Amino acid sequence: MFSQSTKSQKISQLIDVSLNRGLTYLQAEGGYQHDQKQVIYLVVQPRKIPQLKQLIKAIDERAFVTVLDTREVVGEGFSYQRKRYHVNWQHSKE
């Protein structure tokens, strides 16, 4: 799933705490105005998609969300197990 919002830090915090999922930030440039944007990228189980979309909408109704059908995920840093710790959000930018 990809999500682009002006409130990405708050969305990330709730994804971390509420869903126990890690995520990656991607830096993007708008194609029309060439403004800098922060995109959240994460992989979740299909049954978590409705909850995630609801969470994002509660923070930013104008967020741009893309849900992709992922066939397989492998690699360092990905697990379906619950995380052992959360990010220290006291030091976030927002």
Side-chain angles (χ1 to χ4, degrees):
M1 173 179 272
F2 290 98
S3 172
Q4 188 275 312
S5 168
T6 58
K7 300 176 182 176
S8 60
Q9 290 290 322
K10 183 66 175 168
I11 292 170
S12 299
Q13 182 178 4
L14 285 178
I15 290 170
D16 178 35
V17 175
S18 300
L19 298 178
N20 278 313
R21 297 304 321 163
L23 54 94
T24 299
Y25 290 118
L26 304 173
Q27 299 306 313
E29 179 180 336
Y32 182 70
Q33 295 182 346
H34 300 283
D35 52 335
Q36 297 300 305
K37 300 180 181 291
Q38 188 172 50
V39 177
I40 298 170
Y41 171 68
L42 71 149
V43 177
V44 296
Q45 296 169 322
R47 63 187 167 95
K48 293 287 186 180
I49 297 289
Q51 181 183 1
L52 180 57
K53 290 187 337 188
Q54 210 171 37
L55 181 148
I56 293 169
K57 186 176 182 180
I59 296 168
D60 184 0
E61 290 188 0
R62 298 186 66 197
F64 185 80
V65 177
T66 305
V67 178
L68 304 170
D69 189 20
T70 303
R71 184 176 176 101
E72 183 177 4
V73 178
V74 295
E76 182 180 354
F78 182 80
S79 171
Y80 281 117
Q81 298 176 356
R82 295 179 70 86
K83 293 179 359 177
R84 295 182 186 171
Y85 59 90
H86 297 289
V87 175
N88 183 355
W89 292 103
Q90 295 171 353
H91 294 80
S92 68
K93 295 177 185 176
E94 286 183 12

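Predicted model only: the values in this text are computed from it and were never measured.
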Rounded to the nearest 0.5 Å, what separation is found between the [atom1] atom of [X] and the [atom2] atom of [Y]?
{"X": "Leu14", "Y": "Ile59", "atom1": "CG", "atom2": "CD1", "result": "4.0 Å"}
{"X": "Arg21", "Y": "Gln45", "atom1": "CZ", "atom2": "CD", "result": "7.0 Å"}
{"X": "Glu61", "Y": "Ile56", "atom1": "CD", "atom2": "CD1", "result": "13.0 Å"}
{"X": "Thr66", "Y": "Gln4", "atom1": "OG1", "atom2": "CD", "result": "10.0 Å"}
{"X": "Lys7", "Y": "Arg62", "atom1": "NZ", "atom2": "CZ", "result": "10.0 Å"}
{"X": "Phe2", "Y": "Leu68", "atom1": "CZ", "atom2": "CG", "result": "5.5 Å"}

Ignoring hydrogens, what is the shortest heavy-atom contact between [X] and [Y]? Give both atom names and the distance.
{"X": "Ser8", "Y": "Gln38", "answer": "OG-OE1, 2.6 Å"}
{"X": "Ser12", "Y": "Tyr25", "answer": "OG-OH, 2.9 Å"}
{"X": "Leu42", "Y": "Gly22", "answer": "CB-O, 3.8 Å"}

State, with a plain yes or no, whether a side-chain heavy atom of [X] is found less than 4.5 Å away from one of [Y].
{"X": "Leu52", "Y": "Val65", "answer": "no"}
{"X": "Gln51", "Y": "Leu19", "answer": "yes"}
{"X": "Asp60", "Y": "Lys10", "answer": "no"}
{"X": "Ile11", "Y": "Ile40", "answer": "yes"}

Practice task
Give the intermediate values and the outcome of salt bridge (charged side-chain N to carboxylate O under 4.0 Å, His left out) for residues Asp35 and Lys37.
Solution key: CA-CA 6 Å; Asp35 52 335; Lys37 300 180 181 291; 3.3 Å; yes
Exercise for the section: Kindly check if the number of other-residue, nucleotide or ligand heavy atoms within 6.0 Å of CD (Glu29) is above 12? Expected result: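 Atom CD in Glu29 is packed in, count exceeds 12.
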Problem - Side-chain donor or acceptor of Thr70 paired with backbone N/O of Glu72 under 3.5 Å - result: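 Absent.
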Problem - Verdict with supporting geometry, Val67 and Lys53, side-chain contact (heavy atoms from CB on, under 4.5 Å) - result: CA-CA 9 Å; Val67 178; Lys53 290 187 337 188; 4.2 Å; yes
Problem - Ser3 versus Tyr41, side-chain donor and acceptor atoms under 3.5 Å - result: no
Exercise for the section: Could you tell me which residues satisfy side-chain hydrogen bond (donor to acceptor under 3.5 Å, both in side chains) with Gln27, sequence neighbours excluded, listed by chain and number? Expected result: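 Partners of Gln27 by the side-chain hydrogen bond (donor to acceptor under 3.5 Å, both in side chains) criterion come out as none, since no residue qualifies.
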Exercise for the section: Please name all residues satisfying ring-ring contact (aromatic ring centres under 6.0 Å, His included) with Phe64, sequence neighbours left out, ordered by chain then number. Expected result: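 For Phe64, no residue satisfies ring-ring contact (aromatic ring centres under 6.0 Å, His included) once neighbours in sequence are set aside.
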Exercise for the section: With side-chain contact (heavy atoms from CB on, under 4.5 Å) as the test, would you mind laying out the steps for Val44 and Ile49 before giving the verdict? Expected result: CA-CA 7 Å; Val44 296; Ile49 297 289; 3.5 Å; yes
